[in-house]
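Shown next, in structure tokens, is the structure this report addresses.
By convention in this document, chain letters (A, B, ...) are assigned in the order of the sequence lines, proteins followed by strands, and residues within each chain are numbered from 1. Remember, predicted model here, so these are calculated numbers, not experimental data.
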Amino acid sequence: MKLGVVYRDKYTRCCVSHGILPSSFQTLPSRALTTTTSKPLSHRWGRLHGSNDAIKAYHKSCLLISLCPTRWDRVPLQRLFKFGSKLLLFHTLQHEHHLFDHIPHPTAASINRSMLNLLHKHHPFRALAMFKGQFQLCSLDTVNEVTVALSLKACQGELKLGSQIHGFVVSSGFDSCVTVSNSLMKMYCKSGNFEKALLVFENLINPDIVSWNTILSGFEKGVDALSFACSMHLNGVVFDPVTFTTALSFCWGDHEFFFGWQLQSLVLKYGFGCEVFVGNALITMYSRRGRLDEARRVFDEMTRRDLVSWNAMLSGYAQEQGHYGSEAVSIFVNMVRRGMLLDHVSLTGAVSACGHIKNLELGRQIHGLIIKVGYETHVSVGNVLMSTYSKCEVLKDAKVVFQLISNPNVVSWTTMISIFVEDALSLFNEMRSYGLYPNDVTFIGLIHAITISNLVTEGQQVHGLCIKSCFLSEQTVSNSLITMYARFEFMQESKQIFEELNYRETVSWNALISGYAQNGLYKEAFLTFLSATKEIKPNQYTFGSVLNAIAAAEDISLKHGQCCHSDLLKRGLSTGPIVSGALLDMYGKRGNISESRIVFNETPERTVFAWTAIISAYARHGDYESVMSLFKEMGREGNSPDSITFLSVLVACCRKGMVDVGHRVFDFMVKEHSIEPIPEHYSTMVDMLGRAGRLEEAEELMHQIPGGPGLSVLQSLLGSCRLHGNVDMAERVVNNLIEMDPASSGPYVLMANLYAEKGMWEKVAEVRKGMRGRGVKKEVGFSWVDVGNVDSLYLHGFSSGDKSHPESEDICRMAEFIGLQMKLLKDSREGRKVVLGVTNPNINE
DNA sequence: AACTGCCTAA
């Protein structure tokens, strides 16, 4: 009988059904299959003696077992067993029970070896089945303490199985053996039952160092672990390298780090400085605290290093957000030059370093290497590659990487959802169709995508899904939802989610405060900030949001902004880019230009936002000269202005009437900086031309705006028409305006005023009538006054003809007085004769 | 034979 294609298929099926990818079999030439016959095997291979030949023969025999097991006899097997554990490894690949039955007299040693092989090959439950088989056969003489220890290891933290074995341990008296107890403790630690592990430990009569180490490694909190280490020391337990390694792995928190130092000196004292594991733990400890130079010193002083040492150093550098990017690269290059066998940890570290320093070219080279060493289908490596490509803004390549990953996990899908915002929903559904469950990060990415795309209904659906799948209890997910609803202008929902949180961290407060600020609810934003300071420690984002609110609010006293400022100084937060930007923006918007300048001068890192904030502050103030000099200085310092910077410069030109300069700035923006003008740019240009009296040019420019003129453009042009008394154009503009926004009183009022100035009283009456006929009411304009009372939250608001204030009479008298003083000052400056008794040195001479 | 180290996504 010839073995042909059919059998190869059968062989493949057999492997697949066992979940095996036998790399050694893949290289078996198909010729071997087609030429092998099924003549009595013992006859053909029985005389093989060298282990290599035997293994080769065994390869074929494995195939044949699956093809025609009935033809198999015991003779070659017994011969093969002579070649020891290497062959036993092959048993584990196929039909191990079948083969196992052929072992004439299984001993505890052979069973243990088989179980260990199965564990190495990641088949823990088959190892367990082997143990179970001995159990059922009642051949307990083949079970020793090692067998029990191995079977406990095979449980992989499955509490149910482990407890059963614990029962067996107690009933068979194995609990007196410290090895078995140690394995039991490990099993309980892995299954998250640390208390039970402690119970086993406390019942031990003679715990050895492994017992202590096992318990030490089971602690969750660093503090508890280290105090246990202290008690070990006090109990006279002599630390071994494993103790140090375990204890050091807990020393990366703020409090624990000190302990790490002390442990390091103990390590040196005990002479364990050359232990690879200990050195690796030290490298990790230092790099987790960001002390890469000290980690490097440990690394350099190590006499022996293994792959993990190099990987620890590499990923330590890679994690530091690009500050040590070049160091990470040089470590990796060194590893490659030394011809080290790289694993997925090395490759992920190298790729993530490329992502942090945004070095696309190097990333691509390492990607090439990854393909060469065959890791392109590896999930972790693929995930980091995707993230690196997305950081380097080559999204297409990220997608290609994703498609090559053999078994994409939740992380892969989450990365895709975060990168491809517009496809986020369909990606999410596709992920679920593969039976993968989203985690909290997936939801954060999805909610963020929905927020950006403004998908209200889908947002509510995802909110429902979060409730259903119990993800609302995740702080981070709830925070995303708060932000989402705030963006949708559903502050009620935002607040409700916030209030239902069982614990509110700073981020949650920030989300709510910035939500209020963005929706124009400045008082709520400020009040929320006040409550936040009582509960949590505000950070730069908290202050950024509340300062934005105070900047935009007309009726919150600037004193509160100043209080925030001093608080920031006290906390040492005032120089961060977010806070300093918000501070100088606030002072600029609220009219305190000198304070703005001080904040700007004290800002160590002048970002585009800082420059823009100070320039727009001066522009709002009408200080054309300062705006232009700052704008030039900004260019000299190598900062490129953004769209808002240009807007502020244009506003300054507009106020000063510098039409030609404004034109040049506009062209400079479009041609040199390739910035697409936004409606506000056009509106400022139209305003600028209009104020200068170039009304026709203004109207012409207005019609060039892509998408047609908006409200603000028309309003500013109308203002210019009134200024220059152009009734015809004003009428055109007003008609346009009323069409766009029928409810607004602005155009009516302006038009009526223009007619009045021209003495066209019938027209005035007509406009007033039209206004009443359409049910339009004039909105009341308010002015705000800050009366020096620190406790008062808000300012006093006044409108024209308003007598509601209890002190309105005094206020009006004072206003009149101030008005008179101002008039006098103005007259004297312009060289007119002073009528009343305010002295002016210039006039007196 | 039991205890230990490096790992990515927001």
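- Within residues 289-303 of chain A, no residue approaches DNA chain B, by heavy-atom distance under 4.0 Å.
- The side-chain contact (heavy atoms from CB on, under 4.5 Å) test applied to Arg338(A) returns Trp310(A), Asn334(A), Met340(A), not counting sequence neighbours.
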>> Under the criterion ring pair (Phe, Tyr, Trp, His ring centres under 6.0 Å), I'd like the reasoning laid out for Phe402(A) against Trp413(A): C-alpha separation, chi angles, the key distance, then a yes or no.
In response: CA-CA 8 Å; Phe402(A) 175 74; Trp413(A) 285 98; 5.0 Å; yes

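- Panel note: side chain Ser346(A), backbone Leu342(A); no donor-acceptor pair is recorded below 3.5 Å.
- Across all strands shown, Thr414(A) has no heavy atoms under 4.0 Å from either base or sugar-phosphate atoms.
- Contact of the Val308(A) side chain with the Phe277(A) side chain is not registered, since no non-hydrogen atoms from C-beta on lie closer than 4.5 Å.
- Listed by chain and residue number, Val410(A), Thr414(A), Ile417(A), Phe428(A), Met431(A), Pro438(A), Asn439(A) satisfy the side-chain contact (heavy atoms from CB on, under 4.5 Å) test with Thr442(A) (two or more places apart in sequence, or in another chain).
- Across the protein-nucleic acid pair, Asn182(A) atom CG and dA1(B) atom C1' stand 10 Å apart, rounded to whole Å.
- Rounded to a whole Å, the CG atom of Asp240(A) is 8 Å from the C1' atom of dC3(B).
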What pairs of nitrogen or oxygen atoms, one from the protein and one from nucleotides 4-8 of chain B, lie under 3.5 Å apart?
residue : atom : partner   : partner atom : Å
dT4(B)  : OP1  : Lys186(A) : NZ           : 2.8
dT4(B)  : O2   : Thr245(A) : OG1          : 3.4
dG5(B)  : N1   : Asp306(A) : OD2          : 3.3
dG5(B)  : N2   : Asn280(A) : ND2          : 2.5
dG5(B)  : N2   : Asp306(A) : OD1          : 3.0
dG5(B)  : N2   : Asp306(A) : OD2          : 2.2
dG5(B)  : N3   : Asn280(A) : ND2          : 3.0
dC6(B)  : OP1  : Arg288(A) : NH2          : 2.9
dC6(B)  : O3'  : Ser315(A) : OG           : 3.4
dC6(B)  : O2   : Asn311(A) : ND2          : 2.9
dC7(B)  : OP1  : Gln319(A) : NE2          : 2.9
dT8(B)  : OP1  : Gln319(A) : NE2          : 3.2

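- Here salt bridge (Lys or Arg N to Asp or Glu O under 4.0 Å) pairs that include residues 409-438 of chain A, with residues two or more places apart or in two chains, number zero.
- Ring pair His356(A)/Tyr324(A): centre-to-centre distance not below 6.0 Å.
- For the atom pair Leu216(A) CG and Phe201(A) CZ, the distance stands at 10.0 Å (nearest 0.5 Å).
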> Do Arg297(A) and Asp293(A) pass the salt bridge (charged side-chain N to carboxylate O under 4.0 Å, His left out) test, and can you show the C-alpha distance, the side-chain angles, and the key distance before you say yes or no?
Replying inline: CA-CA 6 Å; Arg297(A) 215 182 60 207; Asp293(A) 298 331; over 6 Å; no

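- Residue Lys153(A) places none of its side-chain N or O atoms closer than 4.0 Å to OP1 or OP2 of dA1(B).
- Contact check of residues 419-442 of chain A against DNA chain B (heavy atom, cut-off under 4.0 Å) returns Asn439(A), Val441(A).
- Here the straight-line distance linking atom OG1 of Thr388(A) with atom CG of Leu360(A) works out to 9.5 Å at 0.5 Å rounding.
- For Phe259(A) and Phe250(A), the distance between ring centers is not under 6.0 angstrom.
- One interatomic measurement links the two molecules: CE of Met115(A) to C1' of dA2(B), which rounds to 14 Å at whole-angstrom precision.
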